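Input: a single structure, listed below in structure tokens.
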Amino acid sequence: MKRLQGRRVVVGVTGSIAAYKAPFVVRELQRQGAEVRVVVSSSALQFVTEAALGAFAPVVSQVFPSGLSGSWHIEWARWAEVMLIAPCSATTLGKLAAGIADTAPTLVASSLPRTTPLVLAPAMDSELWEQPAVQRAVARLREDGAWIIPPAVGELASGTVGIGRLPEVETLLGTVEGALVTGVLTPSRRRIWEGRRVLVTAGPTREPIDAVRYLTNASSGRMGYVIAEAVRDRGASVVLVSGPTNLSVPAGIEFQSVETAEQMLATVVQWQEWADVIIAAAAVADYTPVEPQAGKIKRSEGEFLLRLRPAVDVLANLSARRRAGQMLVGFALEVEAEWVAAEQKRQSKGVDLLVLNCLRWGRSGFGGEENTIALFLPDGRIRMFPPRSKRVCAEWIANAIEEFLQSTQLLP
Ligand code: CTP
């Protein structure tokens, strides 16, 4: 099944240079199965044409469009299951925060039913992004329940490098999926996450054999990265400790890069006291070479024996040192007898919540866009989910963490 099959998305496009990317966003939403309608402001039309957007979806660029009734915006807002404004300009942030609806995108956004999530992807020069007025608008919109995708860091149209770029299309799509699963970020939800400190581990590790070779595994790191994004979007402060991956660093979080299991342990130990919740999604090596060679091992005839010793168990160490009130979430990748093995792992690793992946299920575990997970909940219940994109799985995991934090009243 496509990721957004049959989902109804209104895309707003506003006056930022990144508006020229909007047709790609619309196209990708459709490729993933979504039905799309577009609302565009007149400023955005300085950067992208109505024809380019209209090639893919119906477009409205006026507050009073000819041929549509005066209440077209109510109908569009009710039709939407989610609204994404990408890019969202500084002016549009200010207008939305103040309840001003004088462009097609702000008009539809202001008409959304209270239960329909609004996802904003601000994109502008760093100077604008860092203006107190813009930050006030963002904070206000967060309080009002909007999903804010932090701008990415990189080259800007002004020629400088800084924060302000429109994130990759994949990030926008992931957040739209997240918003569809989780809905509006209500004040009661945000209270659970605001100020909450979350440490996430992700990716494989690399255990050196010699100066140019290493032992590793097939983990892409994606599951841990999207979990970091999901809890960040709910309002948590996030540290992501990652082994080597090909993924770009998510915006708005503290990132720590490591290679070996030993380095991962040393880094997470530094953050352990700080963290309220620790999510161990990394596929850490179980074995590491006993004597890594300094140079390059030469080819020779005959067998070559590589001696391995057990690597440090990062999660077991965290579990042994955990402080009172700290929540621990572990993963288990199993091949067979998964239910029994996972329950044993939940107990032996001393975690509150365990996420089970099983290779036997298909579409579960390493690599791939999708995952199939089961959750072993703190109260002993097990919840099984159908195969879905990793971002959707991340929302389910975040929901289970949220329930636990709420039930134990562990306020930050
Ligand atoms: N883990 C860890 N350090 C290791 C190995 C695993 O912290 N050296 C953590 C993983 O991050 C995961 C959990 O332990 O959260 C379970 O990982 P998994 O590979 O399923 O289990 P193992 O402990 O390696 O046991 P086995 O391979 O025998 O199933």
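Note that ligands are numbered from 1 as they come in the structure, with each ligand's atoms numbered from 1 the same way. Keep in mind that what you see is a predicted model, and the values were worked out from it rather than measured.
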Requested in this report: Evaluate the ring planes of Trp396 and Phe385, with Trp represented by its six-membered ring, and classify them as parallel (under 30°), tilted (30 to 60°) or perpendicular (over 60°).
Outcome: parallel
Query raised in the report: Regarding Arg206 and the six-membered ring of Tyr214, is the cationic atom NZ or CZ under 6.0 Å from the ring centre and inside 45° of its axis?
Result: yes
Query raised in the report: Should the pair Arg37 and Trp76 be classed as cation-pi, given the thresholds of under 6.0 Å to the six-membered ring centre and 45° from the axis?
Result: yes
Any nitrogen or oxygen of [X] lying under 3.5 Å from a nitrogen or oxygen in ligand 1? Just yes or no.
X      : result
Thr201 : no
Leu333 : yes
Ala280 : yes

Query - Flag, side chain of Arg363 to backbone of Glu370, donor-acceptor distance under 3.5 Å - result: no
Report summary line: Looking only at non-hydrogen atoms, the one of Glu262, Lys345, Glu334, Gln344 nearest atom 18 (P) of ligand 1 is Lys345
Query raised in the report: For atom 8 (N) of ligand 1, which candidate among Asn217, Val312, Val314, Thr205 holds the nearest heavy atom?
Result: Val312
Among all protein heavy atoms, pick out the one at the shortest distance from [atom]; state its residue, atom name and that distance to 0.1 Å.
atom                    : result
atom 5 (C) of ligand 1  : Asp286 OD1, 3.4 Å
atom 12 (C) of ligand 1 : Phe331 O, 3.1 Å
atom 4 (C) of ligand 1  : Val284 CB, 3.5 Å
atom 2 (C) of ligand 1  : Asp313 OD1, 3.3 Å
atom 11 (O) of ligand 1 : Ala282 O, 2.7 Å
atom 7 (O) of ligand 1  : Leu315 N, 2.7 Å
atom 23 (O) of ligand 1 : Lys349 NZ, 2.6 Å

Requested in this report: Look at Glu395 together with Arg234 and state whether they make a salt bridge at an N to O cut-off of under 4.0 Å.
Outcome: yes
Query raised in the report: Is Asp144 salt-bridged to Arg114, cutoff N-O under 4.0 Å?
Result: no
Query - Gln5 atom CD, over 12 foreign heavy atoms within 6.0 Å - result: yes
Query raised in the report: Any protein heavy atom lying closer than 4.0 Å to atom 28 (O) of ligand 1?
Result: no
Report summary line: Any heavy atom of Ala316 under 4.0 Å from ligand 1? The part involved is neither
Requested in this report: Please step through salt bridge (charged side-chain N to carboxylate O under 4.0 Å, His left out) for the pair Glu170 and Arg3, ending with a clear verdict.
Outcome: CA-CA 12 Å; Glu170 175 52 38; Arg3 284 164 68 183; 3.1 Å; yes
Report task. Side-chain contact test, heavy atoms from C-beta onward, threshold under 4.5 Å: evaluate it for Pro387 versus Asn371 and give yes or no. Result -> no
